[in-house]
Number of protein chains: 2
Amino acid sequence: MIVMTMFGGSARLQWGGNWSRLAAMNATKASRTGSGASAASASTYHHGNLREVLITEGLALAAEAGLDAVSIREVARRAGVSPGAPFRHFPDKVALMTAVAEEAMARFRAEIVAALGRETSGDPIRRIRAIGKAFLDWARRNPTHFEIISSRRAIDFAGSASLGASNAAIQAQMVSLLEEAAQCGLLRVNDPHLIQITGRALVYGLARMLIDGQFPSWGVTEDEAEDVMERSLDLFLAGLLKAPASADPGRS
Amino acid sequence: MIVMTMFGGSARLQWGGNWSRLAAMNATKASRTGSGASAASASTYHHGNLREVLITEGLALAAEAGLDAVSIREVARRAGVSPGAPFRHFPDKVALMTAVAEEAMARFRAEIVAALGRETSGDPIRRIRAIGKAFLDWARRNPTHFEIISSRRAIDFAGSASLGASNAAIQAQMVSLLEEAAQCGLLRVNDPHLIQITGRALVYGLARMLIDGQFPSWGVTEDEAEDVMERSLDLFLAGLLKAPASADPGRS
DNA sequence: ACCTGAACACCGTTCAAGT
DNA sequence: ACCTGAACACCGTTCAAGT
């Protein structure tokens, strides 16, 4: 099957042959599982699964060696393909990193949803605190993934509907909890948007101070970091409350 | 004058000729001033001033094109020297960027000192607020310089006594103001260290949200950013106070 | 269709050779 | 002393050629 296509004004030949059957046989590849992949590894000129493997390897390489260590060539090497192969699936490095960021963001969002599920209390302040804590925990455990989706260098955030939607979903959750808290008369200030931005800036700043290695110069050791971040969040939340605040709103 | 030196166990020849007179003639170079530099620009094999020029050009290139656009080769190009020349003055790129960071940090600190000088009030809360505001203003006006000294990628923070000292000086200023506020009975919580870290995390988070381009996805336009950051700071400060806080502690 | 492999213009870094 | 210029191993990206 031969197809003629017009693309950017120039005619190109495209072969409509179906490689997907062959690809399915090789879907697992010889990656980390190593579960009997020896049979399929021979003579697979077409990878079949490359797009996903590139994203997975990008994520893994970032986690292992840091954001600046992620290169298309190294990702291609780990996927077992030539340096030019990734460009068949992503127009440039930014596009690959954006796809990596989308996967990281999906995991981040799932973690927040899970944390909210664990916080069975109906108290909006406790639920807000659970989101903040989940944010901090995830950043601490996945520093480079956090950096990819938050620093936004190396990705095209605005160009990704997926990233925008995930971000908006997390925000909406928080706004609704803040409005609930306001209606219950819990808040000292009636400005949910400002509170939201301030809270976000606080947890973002804490996470970045950790990741950027600033805590040592503030007298906080690695062991203390988790505790300090948590108490910092509580200090802020207590300051929002109308009633003479208890020292630890998370344990009331 | 020929000198033998032992360095790392191997003998090396050093020429003790004096190039500094020649260098002094060329000290201004044909940089931004352009004040009658035409006469000195011919046949200056030895730059004479290169170390400082490299730092200045690094700072300027960072401000113009962003941190990732700073390359040793481009800095060398702007300084009018060959790609290898910078390595005579800095062992590697990290060392050059650390020197750039030291200059950026010195300017940052000067701005904070100036802001405190302008805040003539003796009220520790107002002085704390002035520091926070100066932090935010400087970050907004010098985004890349801010990123260099705060993200700390590309530099060796721990290896620079100058950076550590500047940082410690800024912290000490803040701690003493917080202790003063505590002694005046102004604070709801008696934990200056935790308050300091929380406040720093807040302004750092705000500055980074701005620089990382996150405000648009939080419904804040570029025009509104300065105002939002200021109100956010006030929201936090009000939450620290023991007395039923006024809405705007900066205008009391 | 999807991938290879050579090529190009970059970059950090080194090192002999120049002045 | 300090700088040049060629070299090396990287990188992102392109493009003909392979299957």
Side-chain angles (χ1 to χ4, degrees), chain A residues 1-5 7-8 10 12-24 26 29 42-54 58 61 65 67-77 79-97 154, chain B residues 1-3 5 7 10 12-27 29 42-54 58 61 65 67-77 79-97 154:
Chain A
M1 172 176 164
I2 302 287
V3 192
M4 288 285 283
T5 330
F7 185 70
S10 67
R12 300 215 301 195
L13 280 176
Q14 291 193 333
W15 176 33
N18 186 354
W19 288 95
S20 48
R21 275 164 295 147
L22 202 163
N26 194 30
K29 191 113 197 333
S43 73
T44 54
Y45 190 89
H46 291 75
H47 191 286
N49 203 21
L50 187 54
R51 198 193 133 91
E52 284 168 46
V53 172
L54 291 171
L61 178 55
L67 178 49
D68 291 332
V70 179
S71 73
I72 284 200
R73 293 182 97 107
E74 179 60 24
V75 169
R77 233 170 264 134
V81 295
S82 73
F87 291 91
R88 243 342 104 165
H89 299 274
F90 301 99
D92 53 25
K93 188 182 182 181
V94 168
L96 169 58
M97 295 309 291
Chain B
M1 170 176 165
I2 301 289
V3 192
T5 328
F7 185 69
S10 66
R12 301 216 299 196
L13 279 176
Q14 293 191 333
W15 177 32
N18 187 354
W19 289 96
S20 47
R21 276 163 296 147
L22 202 164
M25 296 176 61
N26 194 31
K29 192 116 194 330
S43 72
T44 55
Y45 190 89
H46 290 74
H47 192 288
N49 202 22
L50 187 54
R51 198 192 134 92
E52 284 169 46
V53 171
L54 291 172
L61 178 55
L67 179 49
D68 291 332
V70 179
S71 73
I72 284 200
R73 292 182 99 107
E74 179 60 25
V75 169
R77 235 170 264 134
V81 295
S82 74
F87 291 90
R88 248 334 111 165
H89 299 273
F90 301 99
D92 53 24
K93 187 182 181 182
V94 168
L96 169 57
M97 294 310 291

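Proteins get letters first, then strands, A, B, ... in listed order; numbering begins at 1 in each. Scope of the values below: all heavy atoms of this structure, side chains included, with no hydrogens, waters or symmetry mates.
Taking both residues in full, the closest heavy atoms of B/P83 and B/R73 are given as CG-NH2, 3.8 Å, listed atom of the first, atom of the second, then distance. Closest heavy-atom contact between A/A79 and A/V53: CB-CG1, 3.8 Å. The heavy-atom pair separating A/P86 from A/A76 by the smallest distance is CG-CB, 3.9 Å. The two residues B/L50 and B/A85 have their closest heavy-atom pair at CD2-CB, 4.0 Å. Nearest heavy-atom pair, A/V70 versus A/G58, reported as atom, atom and distance to 0.1 Å: CG2-O, 4.2 Å.
A/F87 has its CZ atom 14 Å from the C1' atom of C/dC3, to the nearest Å. Distance, B/D68 CG to D/dC11 C1': 14 Å, rounded to whole Å. Going from atom CZ of A/F90 over to atom C1' of C/dC3 covers 15 Å, rounded to whole Å. When rounded to the nearest whole Å, the span between CZ of A/R51 and C1' of C/dC3 equals 17 Å. Between B/L96 atom CG and C/dT13 atom P there is a gap of 10 Å when expressed in whole angstrom units.
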Go through it in stages, so that I can follow the logic: the residues are B/E52 and B/N49, the test is side chain to side chain contact (heavy atoms under 4.5 Å, CB included), and I'd like the CA-CA distance, side-chain angles, deciding distance and then a yes or no. CA-CA 6 Å; B/E52 284 169 46; B/N49 202 22; 3.9 Å; yes
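Both A/P83 and B/P83 lie close to DNA chain D; mapped to their nearest nucleotides by heavy-atom distance, the more 5′-ward contact belongs to B/P83. If A/P91 and A/E74 are placed on DNA chain D by their nearest nucleotide, the residue sitting closer to the 5' end is A/E74.
Taking 4.5 Å as the limit, some side-chain heavy atom of A/L67 sits within range of a side-chain heavy atom of A/M97. Annotation: side chain of A/I72 is not in contact with side chain of A/F90 (no heavy-atom distance under 4.5 Å).
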Give me, pair by pair, the N or O atoms of the protein and of nucleotides 8-10 of chain D that are less than 3.5 Å apart, along with how far apart they are.
none

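The CG atom of B/L61 sits 10.0 Å away from atom CZ of B/R77, with the distance rounded to the nearest 0.5 Å.
For B/I72, the side-chain atoms get nearest to C/dT13 when compared with the rest of D/dT13, C/dT13, D/dC3. For A/R88, whose side chain is taken as the heavy atoms from C-beta onward, the closest listed nucleotide among C/dT13, C/dC2, D/dT14 is C/dC2. Comparing atom distances between the B/H89 side chain and each of D/dC3, D/dT19, D/dT13 picks out D/dC3 as nearest. If you check D/dT13, C/dC3, D/dA1 against the side chain of B/H46, the one that comes closest is D/dA1. Of the candidate nucleotides D/dT13, D/dC3, C/dT4, D/dT13 has the atom lying nearest to any side-chain atom of A/K93.
With a 3.5 Å limit on both pairing distances and Watson-Crick or G-U wobble geometry required, the stems of 3 or more pairs in DNA chain C span C:4-8 with D:12-16, C:12-16 with D:4-8.
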